[in-house]
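Heads up, the thing below is written out as structure tokens.
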Amino acid sequence: MLRSGMVRRLASGLFTWMPMGWRVARIVERVTRQEMERIGAHEVLMPAVHPAELWRESGRWQDYGDLLLKMRDRGEREYCFGPTHEEVVTDIARRELKSYRQLPVSFFQIQTKFRDEIRPRFGVMRAREFIMKDSYSFHLGEDSLRDTYEQYREAYSRVFERLGLKYRVVQADSGEIGGSRSQEFHVLADSGEDLIVWCEGDDFAANLELAPALPPDGERVAPGAAMSEARTPGMRTVRQIAEHLDRPLEDCLKTLLVKAEGGGVVALVLCGHHEVNELKATGLPEVAKPLQLANAQEVAQAASSPPGFVGPVGLRVKTYVDHAAAHRGNFVCGGNRRDKHLVDVNWGRDLPEPEAVDLRNAVEGDRSPGGGGTLQIARGIEVGHIFQLGDKYSRSMRAAVLDENGAEQPMQMGCYGLGVTRTVAAAIEQNHDERGIIWPEAMAPFSVVLVALNIARDKKVRATAEQLRESLRSRGIEVLFDDRDASPGVKLADADLFGIPHRVVISARGLNQGTLEYKHRRSDKPERLSADEATEFLQTQIEP
RNA sequence: CGGGGCGUGGCGCAGUCUGGUAGCGCACCUGCAUGGGGUGCAGGUGGUCGGAGGUUCAAAUCCUCUCGCCCCGACCA
């Protein structure tokens, strides 16, 4: 949808913002800036290029990995193009902030960042160079940090509210930036890269990777028929097994062997229809980080069978069982022998009671951890992320103030990012149809588009259109005036593509009856408008 | 990083296997017609065939090297 001329690609992950797109980006900037100022944050502009020594101090010269674009100047000094500004702002803070009386304080900037993404995709959504509003706050004590964090959460909510986007705030993993509590802001869109989970009945909302999957309610079904062996030649996936044995997928347990910390393997058992959650799995003490599947050799050694036929019965490695799998009775699982599975297996009868833990991704319909009902899942695009960093950077970079007792205390820090350019892309992903973009009123590059048909030849059309344009402009309404000498089809199709909310068509046909035609981008039935009252009418359409 | 694919007028592609005058659609320019959902007819402009080297009488085409881009994958038995 960005082919509408909003941006043009220069190279992988690099885009030029063309006039129409840039207007929208500036609207996002403006709204964001206003909300930042409203909570008392101070705008600054930090360098885009940072000296290596600063990043070595925080340890992230290494930790940030290949995402960091590194470079040298003529004197062979090392630099990076800033992907984020914790180091720089902490350096400012430790020079400028000496007393608790200067706190709390927060700074923000709207800056171009660069992250050397492994694989830039989805156009501007995951560009390498992008514009971000980033803020940093400094505090004495965690209470103050929490207060400011709350203010930012509300400010961000107001930004997305004002832009007219459907969004959700979810609990998030703080990843490599570090720190404790963090939340993400997601614009809901089917093309989103992230899965987010929430419950309408309570205030639970989280990124899928963090959402707990609760144990099922009720009693486990009682054991039935005795355990038996089934032939399953060449069947390596639970789906094939379920179909072959005519059992529901939930009843077919899969056993994943993953590499263990310091060698060997660990077994993870899940229901066939569930997926392992990497964050949860690597949270187990024995499991190696990052999560890696065992290779065929390791599988053969541990289970005396090829991959695909591994099961928990008689398996002599450390085994963790997901709550849902531990709750099943009379289930199917691998037989630890080539082409064999076991049927009607029961915990406590055919093998010991399992060590049940939360291993899987939550699925739609699961019980909410908030207790208010069941979970819903949707795709989202992460457009904002707020963190309580604590003293991670202030300690490693020695940024401290004196408290009221004259004792030196590392400052508590928060950081808050909002992707300006990504928000533009996300808005389009959320609001479009087969004809093009449908901008929310607040984000539209123009409020009104005037489509003057046959303007090159029809003097009356031109005069009326120009008059209307001036009259709208004088009232501060942003107008896009299509005075091209192009066929009606072209002009109308472009008007739809650009997604400007209010469209007025001026044509000879209408003018003969003294009327213009008005249509909202979301509606499909045009209405007639007397030429004289057009300005008034548009103003009332736009104001509310 | 691994696998696959593609680089030929501004854009999208054919031509490459089998070496021999570089082509098509769209866009652009000119003229005429048309004028409410990407309009028609006619005539035009525009190409170091990604780059370098090699084979050959002759290279977009064959060989070697190189650069760029796109897609998929990076583990869920």
Side-chain angles (χ1 to χ4, degrees), chain A residues 3-5 8-14 65-66 116-123 209 232 234-242 249 252-259 265 267-282 287-296 298-300 302-303 305-312 315 322 325 332-336 338-341 359-361 363 434-436 451-458 461 482 484-497 503-512 515-517 519 524 526 528:
Chain A
R3 333 300 182 231
S4 56
R8 286 278 110 105
R9 201 184 66 99
L10 174 65
S12 180
L14 302 177
D66 292 335
D116 198 355
E117 296 283 351
I118 307 176
R119 184 142 92 81
R121 55 190 124 181
F122 303 127
E209 57 182 13
T232 50
M235 296 186 186
R236 311 197 137 216
T237 69
V238 279
R239 244 166 245 292
Q240 290 172 331
I241 308 277
L249 194 56
C252 298
L253 303 195
K254 56 186 177 187
T255 304
L256 276 45
L257 296 180
V258 300
K259 298 202 191 218
V265 299
L268 307 176
V269 179
L270 294 141
C271 290
H273 65 306
H274 285 146
E275 288 188 343
V276 181
N277 176 301
E278 178 161 350
L279 209 62
K280 293 171 183 175
T282 52
V287 175
K289 262 185 236 187
L291 191 65
Q292 283 174 286
L293 284 182
N295 57 40
E298 289 166 317
V299 173
S305 85
F309 303 97
V310 181
L315 195 63
D322 180 68
V332 176
C333 65
N336 296 323
R338 180 181 289 279
D339 299 342
K340 288 281 196 282
H341 276 75
L359 277 179
R360 65 178 174 93
N361 283 334
V363 295
E434 57 296 333
R435 289 211 267 239
V451 183
L453 299 183
N454 199 17
I455 187 172
R457 250 148 267 98
D458 193 318
V461 167
D482 185 353
R484 294 173 300 173
D485 179 19
S487 78
V490 170
K491 300 175 80 155
L492 295 173
D494 279 348
D496 286 342
L497 178 62
R503 185 185 83 183
V504 176
V505 177
I506 300 128
S507 68
R509 191 203 279 177
L511 288 182
N512 287 337
T515 64
L516 307 175
E517 173 198 299
K519 187 177 91 67
D524 44 27
R528 297 210 163 275

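Within the 4.5 Å cutoff, the side chain of A:H274 has no heavy atoms near those of the A:N361 side chain. The shortest side-chain heavy-atom distance between A:T282 and A:V258 does not fall under the 4.5 Å cut-off. In this structure, the side chains of A:L492 and A:K519 stay at 4.5 Å or more apart for every pair of heavy atoms. Annotation: side chain of A:D322 is not in contact with side chain of A:L268 (no heavy-atom distance under 4.5 Å).
In this structure, A:L492 places its CG atom 12 Å from P of B:U39, rounding to the nearest Å. Across the protein-nucleic acid pair, A:L279 atom CG and B:C75 atom C1' stand 17 Å apart, rounded to whole Å. In this structure, A:L497 places its CG atom 18 Å from P of B:G37, rounding to the nearest Å. As a whole-Å value, the separation of A:Q240 CD from B:C76 P is 14 Å. With rounding to whole Å, A:D485 atom CG is found 15 Å from B:G36 atom C1'. Going from atom CG of A:N454 over to atom P of B:G37 covers 13 Å, rounded to whole Å. Atom NZ of A:K254 and atom P of B:C75 are 14 Å apart (whole Å). Going from atom CZ of A:R509 over to atom P of B:U34 covers 17 Å, rounded to whole Å.
Applying the 6.0 Å contact sphere to CZ of A:R338 captures no more than 12 heavy atoms from other residues, nucleotides or ligands.
B:U18 makes up no base pair with any nucleotide shown, lacking Watson-Crick or G-U wobble contacts both under 3.5 Å. Of the nucleotides present, B:G51 is the one that pairs with B:C65 by Watson-Crick or G-U wobble criteria, both distances under 3.5 Å. Nucleotide B:U56: unpaired (no Watson-Crick or G-U wobble partner with both distances less than 3.5 Å). When both distances must be under 3.5 Å, the Watson-Crick or G-U wobble mate of B:A42 is B:U30. Of the nucleotides present, B:G23 is the one that pairs with B:C13 by Watson-Crick or G-U wobble criteria, both distances under 3.5 Å. With a cut-off of 3.5 Å on both Watson-Crick or G-U wobble distances, the partner of B:C75 is given as none.
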- [ ] Could you give me the CA-CA distance, side-chain angles and deciding distance for A:N454 and A:V461, then say whether side-chain contact (heavy atoms from CB on, under 4.5 Å) is met?
- [x] CA-CA 8 Å; A:N454 199 17; A:V461 167; 5.8 Å; no

Open item on the list: Evaluate A:D485 against A:R457 for side-chain contact (heavy atoms from CB on, under 4.5 Å), listing each step before the verdict.
Closed with: CA-CA 9 Å; A:D485 179 19; A:R457 250 148 267 98; 3.3 Å; yes

Task: side-chain contact (heavy atoms from CB on, under 4.5 Å) between A:D494 and A:R484, intermediate numbers included - done: CA-CA 11 Å; A:D494 279 348; A:R484 294 173 300 173; 3.0 Å; yes

Open item on the list: Assess the residue pair A:S305 and A:V310 against the criterion (side-chain contact (heavy atoms from CB on, under 4.5 Å)); give the C-alpha distance rounded to whole Å, side-chain angles, the decisive distance to 0.1 Å, and a yes or no.
Closed with: CA-CA 7 Å; A:S305 85; A:V310 181; 3.9 Å; yes

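Nucleic acid contact class of A:V299 (heavy atoms, under 4.0 Å, all strands): base. Counting any heavy atom pair closer than 4.0 Å across all strands shown, A:V258 reaches no nucleic acid atom. Within 4.0 Å of A:N361, counting heavy atoms only, lies no atom of the nucleic acid at all. Within 4.0 Å (heavy atoms only), A:A486 reaches at least one base atom of the nucleic acid. A:L257 comes within 4.0 angstrom of a nucleotide base, judged by non-hydrogen atoms across all strands. A:G308 comes within 4.0 angstrom of a base, heavy atoms only. Across all strands, A:R503 comes closer than 4.0 Å to base atoms (heavy-atom distances).
Ionic pairing of A:K280 and A:E209 is not present here: no N-O contact between side-chain nitrogen and carboxylate oxygen is shorter than 4.0 angstrom.
Nearest heavy-atom pair across A:A267 and A:T255 is CB-CG2, 4.1 Å.
On a pure distance criterion of 3.5 Å, no polar donor-acceptor pair joins the side chain of A:R528 and the base of B:G36. You'll find a donor-acceptor pair under 3.5 Å spanning the side chain of A:S507 and the base of B:G36, going by distance alone. The base of B:G38 lies close enough to the side chain of A:D494 for a donor and an acceptor atom to sit less than 3.5 Å apart. A donor and an acceptor atom never sit less than 3.5 Å apart when one is taken from the side chain of A:D458 and the other from the base of B:G35.
Comparing B:U39, B:G36, B:G37 by their closest approach to the side chain of A:V490 singles out B:U39. For A:A493, counting side-chain heavy atoms from C-beta on, the closest listed nucleotide (B:G37, B:G35, B:C76) is B:G37. When distances run from any side-chain atom of A:R457 to the nucleotides B:G37, B:G36, B:U34, the shortest one goes to B:U34. Nearest to the side-chain atoms of A:E275 among the listed nucleotides B:G36, B:C76, B:G38 stands B:C76.
One P atom belongs to B:C67, the other to B:G51, and the distance between them is 15 Å to the nearest Å. Distance check on atom C1': B:C70 versus B:U64 gives 25 Å, rounded to whole Å. For B:G10 and B:G50, the P atoms lie 13 Å apart once the distance is rounded to whole Å. Taking the P atoms as reference points, B:G73 lies 48 Å from B:G36, given to the whole Å. To the nearest whole angstrom, the two P atoms, one in B:U8 and one in B:A60, are 15 Å apart. Taking atom C1' in both B:U18 and B:C13, one finds a spacing of 22 Å when rounded to whole Å. Taking atom P on both B:G38 and B:C26, the two are 15 Å apart, rounded to the nearest angstrom. Remark: the separation of the P atoms in B:G37 and B:G25 is 26 Å, to the nearest Å.
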Identify all pairs in which a protein N or O lies below 3.5 Å from an N or O of nucleotides 25-33 of chain B, and state each distance.
none

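When each of A:G13 and A:N277 is assigned the nucleotide of RNA chain B with its nearest heavy atom, A:G13 is the one assigned upstream, toward the 5' end.
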